[in-house]
Amino acid sequence: MQLGPCLRRAFFERPCLQVAPDLIGAILVRTLPSGFRLLGRIVDVEAYLGDGRDPASHSHRGPTPRNRSMFGPPGRLYAYRSYGIHTCVNLVCEPEGSGAAVLLRAVEPLAGFAEMRRLRGLPRDRADRLLANGPGKLAQALDLDLSWDGASVLRGPVQVRGPRTGAPRPDIGRSGRVGISKGTRLAYRFFERRSPWTGPAPRATTAGRAAPAGADS
DNA sequence: CCAAAGATCTACT
DNA sequence: GTAGATCTTTGGG
């Protein structure tokens, strides 16, 4: 099995609600300074819109020092500090200036288990499924911190590649986003169904049907 | 200026 | 299930 091609700028330049589900099954490739590669298959993401109507989006009130890379060119990272402790990583979408991005919530580790475990500081007796089943854990497992804010994923030490060739199409579920208090009714979370590697179970998984977008909680 | 909330995670009861 | 860590951003006086 080989990895698909590195995703190009045109992929990220589309509406983030189209990009988000297309990222499920894609491969995150992190090449460490030593040349060692960490691979994770994306299984859980959330879209954050830039049109000013998404109250949970960091871009909701326009550009600030923290979120400026959200308004930059697509195909780059938006990394921010969460709760003063953790790093969370997004992929910037849509044309430059839009302020839209997709939060990476969980990956299924494919290679570099031992290194991810070391980066996470996990004891030996903790399950592999805890390696990257949350946005903060994912960033730590892939050795991504705030210094990666604005970095391109079109080439370089962090890349997003298409699904493995011959891989079956993932069964994608859609639900409300988690960990937020505003805009919880917007069904902007996309995840692989029945994957043991995703974050918390969705509040209201729709049976493959999207909840209406445009309404707020 | 001060207070509070926040796209989280871990440890402990 | 709840508390605490830790700090940036935001909103009110």
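Order of the sequence lines fixes the chain letters, A, B, ..., with proteins taken first and strands second; residue numbering starts at 1 for each chain. Values below: every heavy atom of this structure, side chains too, minus hydrogens, waters and symmetry copies.
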> Measuring from A:E94:CD to A:D51:CG, what's the distance to the nearest 0.5 Å?
Replying inline: 8.0 Å

> Dot-bracket, DNA chain C: Watson-Crick or G-U, under 3.5 angstrom, [ ] crossing, | other strand?
Replying inline: |||||.||||||.

>> Listing request: all salt bridge (charged side-chain N to carboxylate O under 4.0 Å, His left out) pairs with a residue in residues 121-147 of chain A, at least two apart in sequence or in separate chains.
In response: A:R30-A:D143, A:R117-A:D128

Under 3.5 Å between N/O atoms: give me all the protein pairs with nucleotides 11-13 of chain C, atom names plus distance.
residue: C:dG11; atom: OP1; partner: A:R61; partner atom: NE; Å: 3.0
residue: C:dG11; atom: OP1; partner: A:R61; partner atom: NH1; Å: 2.7
residue: C:dG11; atom: OP1; partner: A:R61; partner atom: NH2; Å: 3.2

> P atom, C:dG4 versus B:dA4: distance in rounded Å?
Replying inline: 16 Å

> Once you round to the nearest 0.5 Å, how far does CG of A:L39 lie from CE of A:M116?
Replying inline: 7.0 Å

> When rounded to the nearest 0.5 angstrom, what distance separates CD in A:Q18 from CG in A:L23?
Replying inline: 12.0 Å

> Are a donor atom and an acceptor atom from the side chains of A:S59 and A:N67 found within less than 3.5 Å of each other?
Replying inline: no

> Taking atom types as modelled, is there a side-chain donor on A:Y78 or A:H58 under 3.5 Å from an acceptor on the other?
Replying inline: yes

>> Can you build the contact string for nucleotides 2-13 of chain B? Use B for base contact, S for sugar-phosphate-only contact, and - for no protein heavy atom under 4.0 Å.
In response: ----BBBSSS--

> If you look at every heavy atom in A:P74 and A:R9, which pair is closest and at what distance?
Replying inline: CD-NH2, 3.7 Å

> Would you call A:D44-A:R189 a salt bridge at under 4.0 Å N-O?
Replying inline: yes

> Got a sec? Which of residues 19-30 of chain A come in under 4.0 Å of DNA chain C, heavy atoms?
Replying inline: none

>> I need the A:E115 CD to A:S34 OG distance, nearest 0.5 Å.
In response: 7.0 Å

> Does atom CZ of A:R8 have more than 12 heavy-atom neighbours, drawn from other residues, nucleotides or ligands, at distances under 6.0 Å?
Replying inline: no

Sequence neighbours left out, cut at 3.5 Å: what donor-acceptor pairs do the side chains of residues 103-114 of chain A make with other protein atoms?
residue: A:E108; atom: OE1; partner: A:R41; partner atom: NH1; Å: 2.9

> Is the NZ or CZ atom of A:R14 positioned over A:F11's six-membered ring, under 6.0 angstrom from the centre and within 45° of the axis?
Replying inline: yes

